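Order of listing sets the numbers, starting from 1, for every ligand and every atom in it. Source: prediction; values computed, not measured. Just the heavy atoms: all of them, side chains too, but no hydrogens, waters or symmetry mates, feed the values below.
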Amino acid sequence: MFRFPLPPDAELRLLLPEHADELFAVCDANRLRLSQFLPWIDTTYSAHDTRSFIVRALGQFAAGDGFHAGIWCGGRLAGCIGLHKIDWLNRCVSIGYWVSEEFSGRGLVTRAAAACTAYCFDELKLHRVEIRCAVENKASCRVAERLGFEREGILRGAQKVRDRYFDMLIFSKLAQP
Ligand SMILES: CC(C)(COP(=O)(O)OP(=O)(O)OC[C@H]1O[C@@H](n2cnc3c(N)ncnc32)[C@H](O)[C@@H]1OP(=O)(O)O)[C@@H](O)C(=O)NCCC(=O)NCCS
């Protein structure tokens, strides 16, 4: 089982169908906050939707194509982190993440994203890891900056959330800089 400790109080664990109820409850309680930058929240209406996401994510993991993990802190599910579709031709991937309001601002995602980046380079032997975030998403940009990702530029209007197109900052880290 995929487990990754985030000392002193947290860990990443592969998401399993048995986590669907808890994960949906956290998503639902943070719907307003997540809907600002994460379009998938608007197609997540029930634990059934969350279970479908987890099953797809397990398929991704079984195919050796990355993973989606829960971020547990003090034994409670605080959020998620995962890899988008890996571009194997170019050995490149981007990381996505979120945490609930209650667990934000504690450095949790910075630690989780550091662990994921190490996994991408050390286990998956990828060449390039990206973090893409809306220019307005200062907290997410800080995560990338704190991890030493290099800011490369802006993709104009690259993500649609509800009725709005966001300019996306693209950050990257290379296996061998
Ligand atoms: C973005 C997000 C994942 C950050 O998670 P987190 O665990 O709170 O992040 P951390 O505590 O590791 O680091 C947050 C950093 O952002 C800074 N930050 C937080 N809110 C901020 C704001 N509104 N403006 C500027 N900086 C901010 C913190 O000060 C910290 O930086 P510092 O340590 O240099 O002071 C979290 O806020 C979140 O889930 N947001 C909603 C979903 C989302 O936007 N996901 C990312 C999509 S790209």
| remark: Any heavy atom of W98 under 4.0 Å from ligand 1? The part involved is both

| message | Any protein heavy atom at under 4.0 Å, with atom 2 (C) of ligand 1 as the reference point? | response | no

| request: Could you label the plane-to-plane angle of the Y119 and F67 rings as parallel, tilted or perpendicular, counting under 30° as parallel and over 60° as perpendicular? | output: perpendicular

| query | Which atoms of ligand 1 have any heavy atom of T110 under 4.0 Å away? | reply | 10 (P), 12 (O), 13 (O)

| field | Distance flag, aromatic centroids of W88 and H127, threshold under 6.0 Å | value | no

| message | Going by a strict under-4.0 Å cutoff (protein heavy atoms only), does atom 40 (N) of ligand 1 have a neighbour on the protein? | response | yes

| request: Answer side chain, backbone, both or neither: which part of N137 comes under 4.0 Å from ligand 1, heavy atoms only. | output: side chain

| request: Please check if a non-hydrogen protein atom sits closer than 4.0 Å to atom 28 (C) of ligand 1. | output: no

| request: Heavy-atom distances under 4.0 Å are what count here, so tell me which part of Q36 touches ligand 1: side chain, backbone, both or neither. | output: neither

| request: Heavy-atom contacts with S104 under 4.0 Å: which atoms of ligand 1 show up? List them by number with element. | output: 8 (O)

| query | With a 4.5 Å limit on heavy-atom distance, are the side chains of S35 and R162 in contact? | reply | yes

| task | Please say whether Y97 places an N or O atom under 3.5 Å from an N or O atom belonging to ligand 1. | result | yes

| said: Test of understanding: clusters of I, L, V, M, F, W, Y form through side-chain heavy atoms closer than 4.5 Å, transitively. Do F121 and Y97 belong to the same one? | reply: yes

| said: Using a 4.0 Å cut-off to any heavy atom of L108, which atoms of ligand 1 qualify? | reply: 7 (O), 12 (O)

